[in-house]
Every structure is written in C-alpha cells, then in structure tokens.
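One structure is given here, and the rest of the page talks about it.
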There are 2 protein chains.
Amino acid sequence: MSEVILAEGLQNPEEQVLKRENLTEKDFKKIIRQMGLKVTQQRLVILETLAEGRVHVTAQEVFEIVNDKFPEMGFATVYRFLRKLTENNFVTEVRMGGLPARYELTPKRHHDHLTCVQCGKIVEFENQEIEKLQEQVAKKFGFELTNHVLELYGKCRDCQLNSKRKEA
Amino acid sequence: MSEVILAEGLQNPEEQVLKRENLTEKDFKKIIRQMGLKVTQQRLVILETLAEGRVHVTAQEVFEIVNDKFPEMGFATVYRFLRKLTENNFVTEVRMGGLPARYELTPKRHHDHLTCVQCGKIVEFENQEIEKLQEQVAKKFGFELTNHVLELYGKCRDCQLNSKRKEA
DNA sequence: AATTAATTGAAAATTATTCTCAATTAGTTT
DNA sequence: AAACTAATTGAGAATAATTTTCAATTAATT
Ligand SMILES: [Mn+2]
Ligand SMILES: [Mn+2]
Ligand SMILES: [Zn+2]
Ligand SMILES: [Zn+2]
C-alpha cells in the first residue's frame, strides 16, 4: 500500500539535493567521446536534460522533456543512452522498490537517499560512518565491496504535519 | 554488465543465512488466519515452500517448486499470496537492481544482505551501529523512518580466488 | 565527396507482475 | 449433513518498464 502512495507522490516531488556542477556542451561532448561514442544531437539533448531541472528522473520523464526540444527523438534512444551512461558510471541509477528506475548525473561525491513515502520528496545525504561500517561488514565476510544501495524511507516533516492536521 | 553476471549467478546461489525457526502446519494456519484469510491447500503449500529450501526465492521459483507438489496451482495465486504476505509483513521482499523480487519469511531479527555480484551468493548480516546511524540521519532531516534498504554488493572470497586462478 | 560503421526511430518482443472473470471452495449457517 | 455465500482460484488477458530488431539515416573518417 505504501507503494501506490509513493508512486503518486513521486509525480511531482520537490527535492533537497546536494550542489551540482554546471556542465556545458563541451563537457557533454567529452563525456560522449570518453565512452567511445559518436556525438549526436540526441545524446547532447539527453545530457542537457539530465544536467538541468529535476535531479532524479525516470527514462520516461527524460523522454518527455527531451521530446519537447527534439520531437523526432525515439524513447529507445533515451533508454539506450541512459544504459550506456550508467554502465560507464556517468549516470547513477536509483531504484526505489519496484518503481521505474530514476537516473541522475553521477555527482563527484557519493551519496545515498532518504525518500518520503507519502509525497516522494527526496533528500540526499552523505554519511562516512555508515560507509566505513559497510566496508567492515564486507571485510568480515571476506567480500571485496564493489557497490551498495542504501535507501531510507520515511515520512517527511511536512507530511507528518499534514497527517496531524487531518486527524484534528 | 554486472547485472547479467548477477542474474546468471543467482540461478543456483549458495547462501549463508541466519538461523530460521522451524515452522509447522499449525504455524502456517495461524499466519493465514491472522491475515483474515481462508486456509487453502495452495496457501499452505506456498508457506511450506517458503519455510524449507532456499531462503531468498523469486515468485517464479516458488511457483515451480510448488507446482511439483501441487500441479494445478496457478502462478497468479503465488504472486497474490506473496503480496498479501508481504503487506502483512510475514514475508520480506528483497529487491536487487532491476531483477525479479525475492522473498523470504520475515525472520524475528531484522537483517540486511551482502550479495556476490559474480556467483550470486547471499550473506545475511545484522549491524546495529548502521541501524542507529540511519535513524540519526532520518532525524537530522526531520523524517520519521519507516523502513530502509541496505544491500551490499561485492565479490566473495571464492570468486576472488577463481579470478586469480584464471589470471595465472 | 565517398565510405562505412555507428546510430536512430518505430514497432515488435520480452519480462515481471497484476488484473479479470467464471468456476470452485472454505467456512458458516441452517 | 446440506445449503449458502463470500472468498479464492486458475487461465489467460492486460499492463508497465525496458530491450531488441531492423531498415533508414548520419557522424566521423578517408
Ligand atoms: Mn541522488
Ligand atoms: Mn535475507
Ligand atoms: Zn512528504
Ligand atoms: Zn561469489
């Protein structure tokens, strides 16, 4: 049941995000070439879209935004390029439950997410202590850690207040 | 690319799991009744399947196992009942990336997972320090924590050795 | 400008999961 | 024990997200 609420909320969530770099067309071209790919208009527009506006976007959202500026773009291109970007770690895939994947340009510093199950608001946070403890756990079991997923879910302050208001 | 390897590996992973209770038919009936549902053969067989054998199973796997003992069972019934069990917290859904959800009977103590990206082996662990820190993070941002997902991914000792062997 | 391998969009395919609905059945009431 | 009824079931259709296919186009190289 929290799933549905979450999905609805996520349609227009506000977000509290860590500061992002300002990227220009030059940077986009560099990124594309670093992956050994050809520079195309669609790829540039997709990167542009990722760099401005909402930080955590679904492939569908990217497609819709991009489709305005560039109506002949197919959604397969968006999915394809997002996958490439993710494989090359220029983009990070964030998955919440069974919902569609969300993507963000990989920021210089790693972070995890705290999401409101009611309104979908996303807060990014860094916690070095947790990161360290994760390493320790992996070590303890003889694993070489490659990555991790830490997603916290809860009710944000606003939604807590809203709930109380309704009760009263 | 790690996705594919992971998916393949997961087809026959060994697992290191925390000890589980031994549940009997009596317990299963109690569980079903606690959810206000009727006790049916299919529900009993599904619970039986969850209680023995592999701990982290997909709906498909449950269906196949169950289908042997009980060939007239439909997969919709498996999905339906797993959902109910999950909603009522008798079963916990574990999701790794975009792969099919895996389910396990919710154990008395909460734990998280450490998964080998090569062979799919799953190790369960508990870490109170991490849990505490998560609460602190939530609090710091004014959230009331409802749940979290912590999945660690890495290469297990065996797979590290295998890799070295291949190099040599 | 010619060449060619990569890229693209549209549509079909795939995968996991949910829904629909007519037939069956568990649990209750006579 | 038979009747009753609302819940449950299985089969298959539907849905949603994502991937694949393939013929046409295009970026980069010559
Ligand atoms: Mn983020
Ligand atoms: Mn587990
Ligand atoms: Zn909220
Ligand atoms: Zn392994």
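In what follows, every chain begins at residue 1, and chains take the letters A, B, ... in the order their sequences are listed. Worth knowing before you read on, the calculation uses all heavy atoms, side chains too, and leaves out hydrogens, waters and symmetry mates.
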Between [atom2] on [N] and [atom1] on [X], what's the gap in Å once rounded to a whole number?
X: B:Ile32; N: D:dA7; atom1: CD1; atom2: P; result: 17 Å
X: B:Phe63; N: C:dA16; atom1: CZ; atom2: P; result: 14 Å
X: A:Arg102; N: D:dA17; atom1: CZ; atom2: P; result: 11 Å
X: A:Lys84; N: C:dT8; atom1: NZ; atom2: P; result: 11 Å
X: A:Glu72; N: D:dT26; atom1: CD; atom2: P; result: 10 Å
X: A:Met35; N: D:dA27; atom1: CE; atom2: P; result: 17 Å
X: B:Asn67; N: D:dG10; atom1: CG; atom2: C1'; result: 11 Å
X: A:Leu44; N: D:dA28; atom1: CG; atom2: P; result: 9 Å

Mind checking what makes side-chain contact (heavy atoms from CB on, under 4.5 Å) contact with [X], not counting sequence neighbours?
X: A:Asp27; value: A:Leu23, A:Thr24
X: A:Glu129; value: A:Asn127, B:Leu133
X: B:Glu144; value: A:Lys155, A:Gln160

By salt bridge (Lys or Arg N to Asp or Glu O under 4.0 Å), A:Arg157 pairs with (sequence neighbours left out) none

Which residues satisfy the salt bridge (Lys or Arg N to Asp or Glu O under 4.0 Å) test with A:Glu25, sequence neighbours excluded?
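Per chain and number, A:Glu25 pairs via salt bridge (Lys or Arg N to Asp or Glu O under 4.0 Å) with A:Lys29.
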
Hey, is the side chain of B:Tyr79 poking within less than 4.0 Å of OP1 or OP2 on C:dT17, counting only N and O atoms?
yes

Below 3.5 Å is the cut-off: list the nitrogen or oxygen pairs between protein and nucleotides 20-23 of chain D, distance only.
from   : atom 1 : to      : atom 2 : distance (Å)
D:dT21 : O4     : A:Arg80 : NH1    : 3.4

What's the shortest heavy-atom distance between A:Ala59 and A:Val78, and which atoms?
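Closest pair (atom of A:Ala59, atom of A:Val78, distance): O-CG1, 3.7 Å.
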
Taking all non-hydrogen atoms of both residues into account, name the closest pair between B:Cys156 and B:Cys116 and its distance.
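So the two residues come closest at N-SG, 3.4 Å.
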
When the side chains of residues 39-51 of chain A are checked against the rest of the protein, which donor-acceptor pairs come out under 3.5 Å, sequence neighbours left out?
from    : atom 1 : to      : atom 2 : distance (Å)
A:Thr40 : OG1    : A:Arg43 : N      : 3.2
A:Arg43 : NH1    : A:Lys38 : O      : 2.9
A:Glu48 : OE1    : A:Lys69 : NZ     : 3.4
A:Thr49 : OG1    : A:Val45 : O      : 2.8
A:Thr49 : OG1    : A:Lys69 : NZ     : 3.4

Enumerate, atom names and distances included, each donor-acceptor pair closer than 3.5 Å involving a side-chain atom of residues 103-110 of chain B, sequence neighbours excluded.
from     : atom 1 : to       : atom 2 : distance (Å)
B:Tyr103 : OH     : B:Glu93  : OE2    : 3.3
B:Glu104 : OE1    : B:Arg20  : NH2    : 2.4
B:Glu104 : OE1    : B:His56  : NE2    : 3.4
B:Glu104 : OE2    : B:His56  : NE2    : 3.4
B:Glu104 : OE2    : B:His111 : NE2    : 3.1
B:Glu104 : OE2    : B:His113 : NE2    : 3.1
B:Thr106 : OG1    : B:Asn89  : O      : 2.9
B:Thr106 : OG1    : B:Phe90  : O      : 3.2
B:Thr106 : OG1    : B:Val91  : N      : 3.2
B:Thr106 : OG1    : B:Thr92  : N      : 3.3
B:Thr106 : OG1    : B:Thr92  : OG1    : 2.8
B:Lys108 : NZ     : B:Lys19  : O      : 3.2
B:Arg109 : NE     : B:Glu126 : OE1    : 2.9
B:Arg109 : NE     : B:Glu126 : OE2    : 3.3
B:Arg109 : NH2    : B:Glu126 : OE1    : 3.1
B:His110 : NE2    : B:Asp112 : OD1    : 3.3
B:His110 : NE2    : B:Asp112 : OD2    : 3.4
B:His110 : NE2    : B:Glu131 : OE2    : 3.0
B:His110 : NE2    : B:His148 : NE2    : 3.1

Contact class for A:Gln42 vs. all strands (heavy atom < 4.0 Å): base, sugar-phosphate, or nothing?
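Answer is sugar-phosphate: A:Gln42 comes under 4.0 Å of backbone atoms only.
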
Can you build the contact string for nucleotides 22-30 of chain C? Use B for base contact, S for sugar-phosphate-only contact, and - for no protein heavy atom under 4.0 Å.
----BS---

